[in-house]
Amino acid sequence: MTLTVIGAGYVGLVTAAVFSQLGNKVYCVDIDQKRVQDLKIGKIPFFEPSLADYVKRNIKAKRLFFTTSYKESVPKSKVVFICVGTPPKNNGEADLSYLFAAVEETAKNLTTYTLITIKSTIPIGFEDDLEEVARKHAKSKFEFASSPEFLREGTAIEDTLHPDRIVIGTDSKKAQKILLELHAPISGNRIITDIRSAQLIKYASNALLATKVSFANDIANLCEKMGADVEKVLEGVGQDKRIGRSFLYPGVGYGGSCLPKDVLAFISIGQFFDYDLTLLRAVDAINEKQILRFITKIRKALGADEEKRKNLEGKKLAVLGLAFKPNTDDIRESPSIKIIKHLLDLKAQITAYDPQAMENTKKILPDINYTKDAYGALNGKDALILITEWPQFRELDLDRIKKILKAPIIIDGRNMFDINRVRQLGFKYVGIGR
Ligand code: NAD
Ligand code: UGA
């Protein structure tokens with residue numbers, strides 16, 4: 001099948017790479033000229049494991065093409081996947097300007113029946129407006145479907161090839177048949193439904209993931225007050241097969257380009273339909289507070305006077321981890337960036353290290369120090385602050401860390417280090433909920 005994928009971001013590029021790998025001819029369209037130029041020579045705009053191999057292999061096999069031109073690609077395609085961003089506006093609602101522009105441009109270039117499939121996460125209720133825009137500009141038949149994306153950054157290729165489910169939202173039998181045929185080589189259960197239910201599945205899924213994280217953080221905070229160990233508590237809770245342990249890991253709160261944005265957008269959608277999603281307002285509030293709690297922990301661990309605003313003045317702190325989670329260089333809504341900004345506000349001096357996310361961070365935090373490796377960041381510092389749980393940080397030599405830190409203090413935002421071992425070695429250790 002010949003396809004067009006609009007948007008060469010995390011979702012679009014991975015979708016294009018996977019469908020071309022499965023034997024389809026795929027055009028990937030982006031308005032960002034530099035991005036398209038780079039992609040044509042196999043240069044990937046972000047770090048995502050194995051994506052570069054897939055892209056290069058399929059460019060070489062002449063199954064994957066990059067362009068800025070809708071005209072070059074849309075007329076040849078049976079399916080157009082819309083994968084542009086839907087970032088948050090200041091009031092929490094989703095900004096749909098990219099989406100409407102992409103649908104309009106697609107419609108203008110239709111020459112034969114085409115199935116326009118929305119993969120971007122879009123608020124329920126806008127599908128009619130999108131169809132109206134398309135109708136206004138299209139000179140040929142088209143249909144709409146929604147097939148929301150559930151991939152995670154860091155495991156995007158694997159998630160796309162082996163998803164838990166593929167959701168196909170459309171009332172058209174023809175559209176269902178096309179999408180079922182296209183997805184035939186991909187594993188996972190099929191859920192066929194109407195467009196609104198498909199979009200609701202996406203928001204409800206992200207909202208429940210965020211709820212689990214905030215629940216874990218709430219229990220962790222209670223454990224601190226009670227003197228219980230959250231890791232044991234949630235291990236015990238997670239052993240119940242009906243509950244499971246996944247997404248019940250406490251930390252510094254959920255970040256990234258999706259959970260924070262989709263929780264807020266979902267609250268707005270509820271309001272639009274005159275329904276108050278009370279639970280999600282609490283989920284968001286817990287998440288916001290989790291960062292402030294972490295800052296308080298850092299101040300206390302360093303013996304700083306909480307009353308004084310600039311009380312970390314003169315403290316040199318090493319921050320390990322800048323990405324919003326491991327295996328990505330994405331720093332959108334990264335808790336680490338928010339924490340560093342708070343610490344800078346308190347006049348601390350920051351030296352940071354991240355295996356992949358330093359280049360992106362330098363663009364927004366040019367004035368902090370960066371080092372080539374984790375040990376370089378720790379040398380002579382007043383404390384180690386662990387924020388992103390990159391697997392390689394687990395392998396760090398604690399004896400060496402103790403020798404090079406000025407003071408043996410570890411503030412561990414992900415409960416990554418073995419609490420007994422670090423305490424045995426004589427570190428002052430502060431984790432989350434333990
Ligand atoms: P992104 O910001 O990484 O990429 C979006 C791309 O679209 C950019 O390259 C941009 O230049 C391009 N673009 C914008 N307007 C365009 C237009 N009119 N025509 C062509 N290209 C255009 O976004 P993303 O992270 O891939 O997210 C896309 C959507 O998928 C969002 O709705 C998001 O919520 C959803 N989603 C994201 C993920 C994820 O892990 N990132 C997972 C599931 C769903
Ligand atoms: C999330 C969802 O997991 C994907 O299914 C979805 O497709 C995607 O959003 C999206 O809609 O864009 P992603 O943003 O890549 O994927 O990241 P997650 O793995 O969900 O992690 C989100 C945040 O929650 C991270 O900051 C992570 O550190 C945090 N988290 C996660 C915890 O603090 N504790 C946990 O137990 C799990």
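What's counted below: heavy atoms across the whole structure, side chains too, no hydrogens, waters or symmetry copies. The first residue of the sequence shown is numbered 1, and numbering continues consecutively from there. Order of appearance sets the numbers: ligands from 1, and atoms from 1 within every ligand.
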Return yes or no for this condition: an N or O of [X] is under 3.5 Å from an N or O of ligand 2.
{"X": "Lys325", "answer": "yes"}
{"X": "Cys258", "answer": "no"}
{"X": "Ser257", "answer": "no"}
{"X": "Lys202", "answer": "yes"}
{"X": "Thr121", "answer": "no"}

Identify, by atom number and element, the atoms of ligand 2 in contact range of [X], meaning under 4.0 Å from any of its heavy atoms.
{"X": "Glu149", "result": "7 (O)"}
{"X": "Asn206", "result": "2 (C), 6 (C), 9 (O), 10 (C), 11 (O)"}
{"X": "Val213", "result": "30 (N), 31 (C), 32 (C), 33 (O), 34 (N), 35 (C), 37 (C)"}

Considering distance alone, does some N or O of [X] sit under 3.5 Å from an N or O of ligand 1?
{"X": "Lys202", "result": "no"}
{"X": "Val11", "result": "yes"}
{"X": "Asp262", "result": "no"}
{"X": "Thr121", "result": "yes"}
{"X": "Tyr70", "result": "yes"}
{"X": "Tyr10", "result": "yes"}

Short list, please: which atoms of ligand 1 are under 4.0 Å from a heavy atom of [X]?
{"X": "Gly9", "result": "1 (P), 3 (O), 4 (O), 6 (C), 9 (O), 26 (O)"}
{"X": "Ile6", "result": "19 (N), 20 (C)"}
{"X": "Arg35", "result": "9 (O)"}
{"X": "Lys261", "result": "33 (C), 34 (O)"}
{"X": "Glu153", "result": "39 (C), 40 (O), 41 (N)"}
{"X": "Cys258", "result": "34 (O), 37 (C), 38 (C), 39 (C)"}
{"X": "Gly85", "result": "5 (C), 28 (C)"}
{"X": "Cys83", "result": "28 (C)"}

Under a 4.0 Å heavy-atom limit, does [X] contact ligand 2 with its side chain, its backbone, both, or neither?
{"X": "Leu209", "result": "side chain"}
{"X": "Arg414", "result": "side chain"}
{"X": "Leu151", "result": "backbone"}

Mode of Lys34 contact toward ligand 1 - side chain, backbone, both, neither (heavy atoms, under 4.0 Å):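 The answer is neither; Lys34 stays 4.0 Å or more away.
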Region of Ile122 engaging ligand 1 - heavy atom pairs below 4.0 Å: neither
Aromatic ring pairing Phe46/Tyr10, orientation class (parallel under 30°, perpendicular over 60°, tilted between): parallel
Mutual orientation of the aromatic rings belonging to Trp390 and Phe47 [parallel < 30°, tilted 30-60°, perpendicular > 60°]: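 Tilted.
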[Y]/[X] salt bridge by N-O under 4.0 Å criterion:
{"X": "Arg332", "Y": "Glu153", "answer": "yes"}
{"X": "Lys34", "Y": "Asp32", "answer": "no"}
{"X": "Lys325", "Y": "Glu389", "answer": "no"}
{"X": "Asp95", "Y": "Lys89", "answer": "no"}
{"X": "Lys108", "Y": "Glu104", "answer": "yes"}
{"X": "Glu224", "Y": "Lys297", "answer": "yes"}
{"X": "Glu231", "Y": "Arg245", "answer": "yes"}
{"X": "Lys232", "Y": "Glu235", "answer": "yes"}

Identify the protein heavy atom lying closest to [atom], giving its residue, its atom name and the separation to 0.1 Å.
{"atom": "atom 25 (O) of ligand 1", "result": "Arg332 NH2, 3.3 Å"}
{"atom": "atom 43 (C) of ligand 1", "result": "Glu149 O, 3.3 Å"}
{"atom": "atom 32 (O) of ligand 1", "result": "Thr86 OG1, 2.5 Å"}
{"atom": "atom 42 (C) of ligand 1", "result": "Leu151 O, 3.5 Å"}

Pairing residues for Ser172 by the side chain to side chain donor-acceptor pair (under 3.5 Å) criterion, not counting sequence neighbours: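 For Ser172, the residues satisfying side chain to side chain donor-acceptor pair (under 3.5 Å) (neighbours in sequence not counted) are Glu143.
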Any Gly255 heavy atom less than 4.0 Å from ligand 2: yes
Contact with ligand 2 for Lys212, non-hydrogen, under 4.0 angstrom: no
Exceeds 12 heavy-atom contacts within 6.0 angstrom, atom OH of Tyr275: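 Result for OH/Tyr275: open.
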Closest candidate by heavy atom, reference atom 11 (O) of ligand 1, pool Asp30, Asp32, Val14: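 Considering heavy atoms of Asp30, Asp32, Val14, the nearest to atom 11 (O) of ligand 1 sits in Asp30.
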Shortest heavy-atom approach to atom 20 (O) of ligand 2 - which of Phe150, Phe247, Tyr10: Phe247
So, the side chain of [X] versus the backbone of [Y]: is there a donor-acceptor pair under 3.5 Å, distance only?
{"X": "Gln21", "Y": "Tyr54", "value": "no"}
{"X": "Asp218", "Y": "Ser214", "value": "no"}
{"X": "Thr361", "Y": "Ala357", "value": "yes"}

Pairing residues for Arg165 by the salt bridge (charged side-chain N to carboxylate O under 4.0 Å, His left out) criterion, not counting sequence neighbours: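 So Arg165 forms no salt bridge (charged side-chain N to carboxylate O under 4.0 Å, His left out) with any residue.
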Stacked cation flag Lys40 on Phe66, 6.0 angstrom / 45 deg: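 Ring-cation test returns no.
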Verdict with reasoning, Thr68 to Gln33, per side chain to side chain donor-acceptor pair (under 3.5 Å): CA-CA 7 Å; Thr68 52; Gln33 294 204 359; 5.2 Å; no
Contact with ligand 1 for Glu48, non-hydrogen, under 4.0 angstrom: no
Pro45 side chain reached by Leu39 side chain, heavy atoms, under 4.5 Å: yes
Residue pair Asp53, Ser50: steps toward the side chain to side chain donor-acceptor pair (under 3.5 Å) verdict: CA-CA 5 Å; Asp53 291 344; Ser50 20; 5.9 Å; no
